[in-house]
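Here is the structure we will look at.
The structure displayed is predicted, hence computed values, not measured ones.
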Amino acid sequence: MTDTAERPLTFRAVVRQSRARLPLIGAASLLGSLGTLALPLALAAAVDAIAAGGDARIPVAIAAGLVLLGVACDLVESTASTTCTADAAARLRTGMVRRLLGAPHRIGRFDTGDLVARISAGAADAAHAGPSAVGAVAAALPPLGSLVILVWLDWRLAAAFAVGLTLVALVLRLFAKQTATAALHYQAAQGDMAARLTEALDGARTIAAAGTLGAETRRVLTGLPALAEHGRATWKALSAAGARAAIAGPLATIGVLVVAGFLLADGRLSTGELLAAAQYAMMGAGLGSLTGIVAAVARSRAAVARIAEVHDLSAMSYGTEALPPGEGNLAFQAVTVRVGDRVLLHDITLDIPGGATAAVVGKAGSGKSTLAETAVRLRDPDSGEVTLDGRPLPSLARTDLRRAASLATARPALAGATLADAMGPGRPRDEVHAAAEAVGAHDFATRLPAAYDTPLPEVPMSGGEAQRIGLARAWHADRLLVLDDATSSLDLLSADRIEESLAATGRTRLMVTYDAALAARADLVVWLADGSVRATGPHDVLWSNPEYRAVFAR
C-alpha cells in the first residue's frame with residue numbers, strides 16, 4: 001500500500017477534536033441552566049413571602065444573583081464557543097489543505113471551486129460541531145429540569161407537562177430531519193456554483209474575447225434556482241416547526257396551568273408555586289432557542305459529511321530508504337494506471353538509461369502526462385513498479401525523492417509570495433539565481449521593479465515566461481527532470497538553449513513533446529498509443545511509419 005489510512009471524519013470526531021474548550025462551554029452552559037431552573041423557585045419564594053407579609057429581601061436577592069449568574073455564564077459560553085469554533089475551523093482547513101496537497105493523484109474527482117467552498121464555508125459550518133453538540137445537551141436541561149421540579153411540586157403537574165413535552169419533542173425531531181436534508185442540498189448547490197464560477201474566472205479573458213458574457217453568466221448561475229429552493233426549504237421547515245410549536249407549546253403550558261389551578265384551589269399549591277409551575281411549563285415547552293440549536297447541529301452535520309469526502313483522501317506515504325549512488329536510471333516494470341474503469345496506462349515496461357534523453361510522443365489522450373506524473377511519483381501505479389537507480393519510488397524518503405526528481409509542465413501552477421518563492425520555494429537565493437539563469441529567466445526577473453522580490457501577483461508574464469519560472473522551480477532535481485511539454489510556449493532558440501543546459505548537467509530527461517525536431521535529438525523515443533507503448537527506438541527509425549508521422553501532424 002502507498003497510502004496512509006486514517007480514521008474517517010465524522011460529526012463525533014469533530015466534536016472530540018474540540019474537547020479542549022468543551023468542558024468550559026459545558027460548565028458555563030450547565031451552571032447557566034441550573035441558575036435558570038432555580039430562578040422560578042426564588043421568585044416563588046419571594047411571592048409567597050410577600051403574600052404572607054414576610055421579608056422577601058433574601059429570595060429577591062437570590063433571584064437577582066441568579067440573573068447575574070446567567071449573564072456571566074452567557075458571556076463565558078459565547079467567548080469560549082467563538083474561540084473553539086475559530087480553532088476548529090483552522091484545524092479543519094489545515095487538515096483539508098494538507099490532504100489535498102498530499103494527494104495530488106486523487107483531487108481530480110473534485111472541482112476547484114467546490115473544494116474552495118468546502119474549505120471556506122464548509123469548514124466554518126462544520127467547526128460549530130463541538131459548541132452545537134454541547135448546546136444541544138444544555139438545551140435539553142431546562143425541559144428535563146422543569147419536569148423534575150414539577151414532579152417535586154406535584155406529580156400531576158409533571159404528568160400534564162410530559163404530554164406537551166412529548167409533542168414538542170416530535171416537532172423538534174421532524175424539524176431536525178427536514179433541516180439536515182435541506183442544509184446538505186444547499187451546501188452541495190453552493191459548491192456546484194462555486195465550481196462553475198472558478199471555471200469562468202479562469203477563462204475570463206477568453207469569455208470577454210468571444211463575447212459570451214451573457215451565456216457564461218447564465219451558466220454560472222444555473223444552480224441559483226436550486227440554491228434558492230433549498231434555502232426556502234430550510235425556512236419552510238422553520239416556519240412549519242413554528243406553526244406546530246404554536247400548538248404544542250401552549251398545550252403544555254395550558255395543561256400545567258389547569259392542573260395547577262385545581263391544586264391551588266385545593267390548597268395543595270401556593271400562589272408562588274403556581275407562578276413557578278407556569279414558568280417551568282413555558283421554559284420547557286418553548287422552541288425559540290431549541291430550533292436555533294437544532295438548525296446549527298443540522299448544518300454542522302451536513303458540512304462534516306461534505307468535508308469528510310476530502311478528509312478521506314489518503315495522502316501519499318513515503319518510505320525511509322535513501323537513493324544509492326547512480327546516474328538516474330528510470331525503469332517502468334509492467335506499470336498499469338487506472339482511474340475508475342478507465343485504463344490510462346497499460347502494462348508499460350521501459351528502461352531509460354541514466355543521463356539519457358527520452359522523448360515521449362503520442363496523440364492526445366495516449367497517456368503521456370500520466371506517464372510523466374508516474375515517473376516522479378505524483379501518482380502511483382495500480383500495478384507494476386517504477387524504480388530510480390534500482391530503488392522503487394515508494395520506498396524512498398520524501399526528501400530523497402523530491403531532491404532527485406521533479407516535473408515541469410506546459411501550464412505551471414505558480415505559487416508563493418514573491419517571484420523567488422515561485423522559482424525556488426524554500427531554497428537559497430543563489431540556487432534560485434542559478435536556476436533562473438539556466439532557463440533564461442534571470443534577465444526577465446532583474447527587469448522587474450523589485451527583481452526576484454517582486455510580489456508574484458504583480459509579475460506580468462507571458463506563457464513562455466510562466467514556463468521559464470516553472471522550469472526554474474523544477475531545475476533543482478539532480479537525477480531526473482521530467483518536462484511535460486514544458487517548453488512549448490518558448491521560441492526555438494530559447495528551447496534549444498534550455499535543452500543544451502539540461503544536457504550539460506548529465507541528468508536523465510524524460511520529455512513529453514509534440515515537436516518532431518526535439519524527438520529527433522532524443523536518445524530514445526517512446527511512442528504511446530491508447531495507454532500502451534506502441535514502439536520505442538530512435539526517431540529516424542520510427543519515422544518510416546506513417547502512423548508515427550501522424551502524431552506530429554497538429
Side-chain angles (χ1 to χ4, degrees), residues 104-109 329-353 356-388 393 405-413 463 467 470-471 474 480-490 495 499 502 508-554:
H105 55 313
R106 298 188 185 278
I107 62 175
R109 55 187 280 204
N329 177 261
L330 177 67
F332 290 74
Q333 299 170 8
V335 167
T336 295
V337 176
R338 300 184 183 89
V339 173
D341 296 331
R342 184 184 172 197
V343 179
L344 302 182
L345 294 177
H346 175 65
D347 198 26
I348 301 291
T349 297
L350 291 171
D351 194 344
I352 301 170
T357 299
V360 181
V361 304
K363 293 185 177 180
S366 59
K368 300 184 300 299
S369 292
T370 303
L371 184 74
E373 293 173 357
T374 308
V376 294
R377 206 182 170 223
L378 291 182
R379 68 164 72 230
D380 281 326
D382 294 279
S383 61
E385 187 176 66
V386 182
T387 62
L388 183 62
L393 298 189
S406 192
L407 170 72
T409 63
R411 298 180 62 187
Q467 286 189 349
L471 283 164
L480 171 64
L481 188 56
V482 179
L483 307 183
D484 187 357
D485 208 21
T487 59
S488 57
S489 296
L490 300 178
E499 187 183 343
L502 270 172
T508 306
R509 285 89 67 200
L510 185 68
M511 309 179 75
V512 174
T513 184
Y514 290 97
D515 185 354
L518 183 57
R521 293 193 295 271
D523 301 309
L524 173 72
V525 174
V526 179
W527 177 16
L528 293 183
D530 298 323
S532 299
V533 176
R534 175 73 180 273
T536 61
H539 174 77
D540 55 356
V541 174
L542 297 175
W543 191 256
S544 61
N545 188 323
E547 292 184 38
Y548 177 78
R549 294 197 299 271
V551 169
F552 303 97
R554 299 180 66 186

Backbone N or O of [Y] within a donor-acceptor pair of the [X] side chain at under 3.5 Å?
{"X": "Lys368", "Y": "Leu528", "result": "no"}
{"X": "Asn329", "Y": "Ile352", "result": "yes"}
{"X": "Thr349", "Y": "Ala334", "result": "yes"}
{"X": "Gln333", "Y": "Gly384", "result": "no"}

Can you tell me how far apart [atom1] ([X]) and [atom2] ([Y]) are? Round to the nearest 0.5 Å.
{"X": "Ile348", "Y": "Thr336", "atom1": "CD1", "atom2": "OG1", "result": "7.5 Å"}
{"X": "Leu378", "Y": "Thr370", "atom1": "CG", "atom2": "OG1", "result": "11.0 Å"}
{"X": "His539", "Y": "Asp523", "atom1": "NE2", "atom2": "CG", "result": "14.0 Å"}
{"X": "Thr513", "Y": "Leu518", "atom1": "OG1", "atom2": "CG", "result": "4.5 Å"}

Taking all heavy atoms of [X] and all of [Y], pick out the closest pair and write down the distance.
{"X": "Ala519", "Y": "Ala359", "value": "CA-CB, 3.9 Å"}
{"X": "Ala410", "Y": "Asp485", "value": "CB-O, 3.3 Å"}
{"X": "Leu542", "Y": "Gly537", "value": "CD1-O, 3.8 Å"}
{"X": "Ala408", "Y": "Ala486", "value": "O-CB, 3.6 Å"}
{"X": "Ala375", "Y": "Val482", "value": "CB-CG2, 4.2 Å"}

Is any side-chain heavy atom of [Y] closer than 4.5 Å to one of [X]?
{"X": "Arg379", "Y": "Leu344", "result": "yes"}
{"X": "Arg509", "Y": "Leu483", "result": "no"}
{"X": "Phe332", "Y": "Val386", "result": "yes"}
{"X": "Arg534", "Y": "Tyr548", "result": "no"}
{"X": "Thr487", "Y": "Leu471", "result": "yes"}

I'd like to know whether CZ of Arg411 has more than 12 heavy-atom contacts from other residues, nucleotides or ligands below 6.0 angstrom. no

Asp351, CG: over 12 other non-hydrogen atoms inside 6.0 angstrom: yes

Among Val533, Asp382, Asp530, Leu371, whose side chain to side chain contact (heavy atoms under 4.5 Å, CB included) with Leu345 holds? Leu371

Is there a side-chain contact (heavy atoms from CB on, under 4.5 Å) between Arg521 and Thr357? Walk through the geometry before answering. CA-CA 8 Å; Arg521 293 193 295 271; Thr357 299; over 6 Å; no

Run Val376 and Ser406 through side-chain contact (heavy atoms from CB on, under 4.5 Å) and show every step you take. CA-CA 6 Å; Val376 294; Ser406 192; 5.8 Å; no

Which of parallel (below 30°), tilted (30 to 60°) and perpendicular (above 60°) describes Phe552 and Trp543? tilted

Using the ring pair (Phe, Tyr, Trp, His ring centres under 6.0 Å) criterion, which residues pair with His346? Sequence neighbours excluded. none

